[in-house]
Number of protein chains: 2
Amino acid sequence: MTPLKPASAPRPSDSRSSMQEVAKRAGVAPSSVSRVLSGHPNVSEVLRNRVNDAVSAMGYEPDLLAQSLRRGATMTVGFVVANISNPLLSEIALGAETCLQAAGYSMLVTNSMSEPELDAEHIRLFARRRVDGLLLSISSENWQATIDAINKSALPVVLVDRELKVNQPVSAVLAEHGIGIADAVHHLASLGHQRIALVNGPADLRPARDRAATLRRVSRQLGITCIVRSGAFTAEHGERAVEFLLAQPDPPTAIVVGSNQILVGVLRALRHAARRIPEDISLVTCDEVPLAEFLVPPLATIERDHFEMGTIAAQLLLELLSGTKPRTKKVPTTYLPAGSVGPAPAST
Amino acid sequence: MTPLKPASAPRPSDSRSSMQEVAKRAGVAPSSVSRVLSGHPNVSEVLRNRVNDAVSAMGYEPDLLAQSLRRGATMTVGFVVANISNPLLSEIALGAETCLQAAGYSMLVTNSMSEPELDAEHIRLFARRRVDGLLLSISSENWQATIDAINKSALPVVLVDRELKVNQPVSAVLAEHGIGIADAVHHLASLGHQRIALVNGPADLRPARDRAATLRRVSRQLGITCIVRSGAFTAEHGERAVEFLLAQPDPPTAIVVGSNQILVGVLRALRHAARRIPEDISLVTCDEVPLAEFLVPPLATIERDHFEMGTIAAQLLLELLSGTKPRTKKVPTTYLPAGSVGPAPAST
DNA sequence: ATTCACTTTGGAAACGATACCAACATGAGA
DNA sequence: TCTCATGTTGGTATCGTTTCCAAAGTGAAT
């Protein structure tokens, strides 16, 4: 039997060369090579050249793994996200990664598929990988295992549109959902709408809470009725919610939709019920959808700058990594009226 | 002056405990702790218990960084992508990450913003980080620095809808764009269309090449005219291309659009030129867009399963990592007719 | 009782870099 | 000429694991 695995050196005949070899070739000590490469001030011209020549001759590139172990910093951050295929989150990821990249950091991404226990697991995994910090857009704000994992990790954390009771103070970038919702509700009320529904996301997440709270407050101020249906970020939830709403004795004349996944279900249910927009019912959605301008009618939208939220999240994390105190930054939302909002139908 | 930085131990009073400390607490050698934790067969019951007790008492979790350095495997793969906010790519990323996660791998993501030099740079960076493999959806197939970086890295590579002349054979997951294009062209031809335009992506990428080649071949077979406008994956390109096409003496009666970013520009230009779909011009787009079913008219689409492409890419990489020979897997595309395709207008 | 195979454990050398410390050289000031 | 501060270099311990090797213990077979 010939042994299938030599199983001795992990990388037997690898092309990569180590600093030792560079040192030997340059005829200097490894520590000197390190000094040259890390830009230490007290290095003579001649040594620097000798080392640099050897480095370029061998095509040497330092091993970031060993560097991380020794320096105690991996120059890596973890992004814990429900689902990177959500355009909202992928734009945030783009903004964050671009900013982190510029600062020399790499970004690990993991999908929790809206399962809170996976959030916690991934946070622990990232901690074991010794990431320098975390960007969190977790799936539930009330999951104890997640909070425990964050506390135990003792890592710098930036929350992305989330609020969390953890021991350490953490930074956060928060969208001011209330602004856009309030503007939308005022607009709807001015058009005679008396019953407004919010087909909302999960109640244990800040965006949904913020939107619901604002809708309730503004509705009370304006003396109109509102109804909130919380649920998952899925088309199914949107569909069920609309079926429920339309079955009410006094169905709402306007619907605000809490996410683009939910929107798909809402539109399907409205189409199935043959409701015309905006003649029968007005529609406002949260977060831009790609072709909203080409829908008939165009979709009124409560927007925010996702890319910028990602950038800010990264900046806040870089701040924390440089030792600054945690802080919270807010990003506005903007209500953009469009053809999907019209006068309330004459009451029956 | 009090020194601001003690600058000695990287993590002065860290909560994390090392294997040494576990060993000491359990009263055994570090190597024994390692054996227990890595499930080595020859470990006595009593030793195993002593170690496990100490481990759980201290809440010890092994340091993956040190593990990686010693074992020579980081259990990390890098995904090089033009722009993670592109829904196509973010769905691939989701599929890939889900699959890799299940196999114990983490995924680093980096955005090249369609700049080939950044592709090369990021590949080198990932190599220095000692990732175990690469998933590549690079921005140009002809960029020498990228090819050099791949060759030098000597890493297992899976190309995602790309073809590349590298030294080592690499695996690839490729979409069969031709199937969908051919079906669409046949459909259009059967409706009387004689001049079909393809507003294409960059000519140095496989999807665009594949689509253009098929369009030309099928057009020749059917005896109809085709025109291809290559360009970047941007709305601007789509807008310019349509302006150009409509300014032709004999403008096309049908347009196939090569990506969802380009689509936005195409739709804008058609709206601006007041062309009705499908009465004046028929439209087919590649790759699903979220609300295509609610556009008026609904958009004919050439689809493929992005999530599955990501999954397959990850599986191919896992295969390579287990030592299997590289291979290529193909994913079909499907033409879905819809209201945006209609009979060719009566020729002028 | 001796040998041998086998299991179980500890010790120490790696993985590839960094940073401390000491040693040596250099030049200025006394 | 002798200090002393400063600049430059090499040697070595260290980051936290794994794994090889050897030593010790066990039991069976001779």
Side-chain angles (χ1 to χ4, degrees), chain A residues 3 5-12 14-51 55 58 60-75 127-130 132, chain B residues 3 5-12 14-51 55 58 60-75 127-130 132:
Chain A
K5 279 187 179 181
S8 57
R11 301 176 299 115
D14 204 306
S15 63
R16 301 189 61 82
S17 42
S18 81
M19 204 162 95
Q20 295 275 356
E21 307 175 73
V22 176
K24 194 179 297 174
R25 167 145 185 164
V28 300
S31 45
S32 297
V33 178
S34 173
R35 252 177 253 123
V36 170
L37 292 178
S38 56
H40 191 95
N42 296 342
V43 178
S44 74
E45 197 62 25
V46 45
L47 182 80
R48 190 193 323 280
N49 290 337
R50 276 245 295 279
V51 169
V55 164
M58 305 174 70
Y60 167 76
E61 304 204 32
D63 184 324
L64 292 181
L65 201 55
Q67 221 169 44
S68 299
L69 180 62
R70 177 60 233 226
R71 288 188 174 160
T74 53
M75 300 301 283
R128 300 205 314 160
R129 285 200 180 276
R130 298 267 301 264
D132 295 335
Chain B
K5 279 186 178 179
S8 57
R11 301 175 298 115
D14 203 306
S15 63
R16 302 188 62 82
S17 42
S18 80
M19 207 163 94
Q20 295 275 358
E21 306 176 74
V22 175
K24 193 178 299 175
R25 167 147 185 162
V28 301
S31 46
S32 297
V33 178
S34 172
R35 254 177 251 122
V36 170
L37 293 179
S38 56
H40 191 96
N42 296 342
V43 178
S44 74
E45 195 64 21
V46 46
L47 182 81
R48 191 191 324 279
N49 290 336
R50 276 245 293 279
V51 168
V55 164
M58 306 174 69
Y60 167 77
E61 303 203 33
D63 184 325
L64 292 181
L65 200 54
Q67 222 168 47
S68 299
L69 180 61
R70 177 60 232 229
R71 288 186 174 162
T74 54
M75 300 302 282
R128 300 205 313 160
R129 285 201 180 276
R130 299 267 302 265
D132 295 336

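Just so it is clear, the structure is predicted and the values come from calculations on it, not from any experiment. Chain A is the first sequence line, chain B the second, and so forth, proteins listed ahead of strands; every chain is numbered from 1.
- Judged by distance alone with a 3.5 Å cut-off, a donor-acceptor contact links the side chain of R70(B) to the base of dT18(D).
- Remark: side-chain polar atoms of R130(B) are not paired, donor with acceptor, to backbone N or O of L64(A) under 3.5 angstrom.
- Here Q67(B) does not reach the OP1 or OP2 of dG16(D): none of its side-chain N or O atoms lies under 4.0 Å away.
- The backbone N or O of A73(B) sits nowhere less than 3.5 Å from a side-chain atom of D132(B) that would complete a donor-acceptor pair.
- Note: CD (E61(A)) to P (dG16(C)) measures 15 Å, nearest angstrom.
- Distance CZ/R128(B) to CG/D63(A): 9.5 Å, rounded to 0.5 Å.
- Between E45(A) atom CD and L47(A) atom CG the span is 10.0 Å, to the nearest 0.5 Å.
- One atom, CG of L69(B), and another, C1' of dA13(C), lie 13 Å apart when rounded to the nearest Å.
- As a whole-Å value, the separation of L64(B) CG from dT18(D) C1' is 14 Å.
- Note: CZ (R129(B)) to P (dA17(C)) measures 15 Å, nearest angstrom.
- Distance check, rounded to the nearest 0.5 Å: CZ of R50(B) to CZ of R25(B) gives 12.5 Å.
- If you measure from atom CD of E21(B) to atom C1' of dT14(D), you get 15 Å, rounded to the nearest angstrom.
- Side-chain atoms of S32(B) do not come within 3.5 Å of backbone N or O of V28(B) as any donor-acceptor pair.
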Apply side chain to side chain contact (heavy atoms under 4.5 Å, CB included) to the pair R129(A) and T74(A), showing each step before the final yes or no. CA-CA 9 Å; R129(A) 285 200 180 276; T74(A) 53; over 6 Å; no

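- Between the two ends of the helix from dA1(C)-dT30(D) to dA30(C)-dT1(D), each summarised by a five-pair axis, the helix axis turns through 70° (rounded to 10 degrees).
- The phosphate of dT18(C) has OP1 or OP2 within less than 4.0 Å of a side-chain N or O from S34(A).
- If you take NZ on K24(A) and CE on M58(A), they are separated by 9.5 Å, rounding to the nearest 0.5 Å.
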Each nucleotide in nucleotides 4-10 of chain C should get exactly one letter: B, S or -. Can you fill that in based on protein heavy atoms under 4.0 Å? ----BBB

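- The CZ atom of R35(A) sits 10.5 Å away from the OG atom of S44(A) when rounded to the nearest 0.5 Å.
- dA17(C) atom C1' lies 11 Å from atom CZ of R130(B), rounded to whole Å.
- Between the NZ atom of K24(A) and the P atom of dG10(D) there is a distance of 15 Å, rounded to whole Å.
- Here the P atom of nucleotide dC15(D) and the CE atom of M75(A) are 22 Å apart, to the nearest Å.
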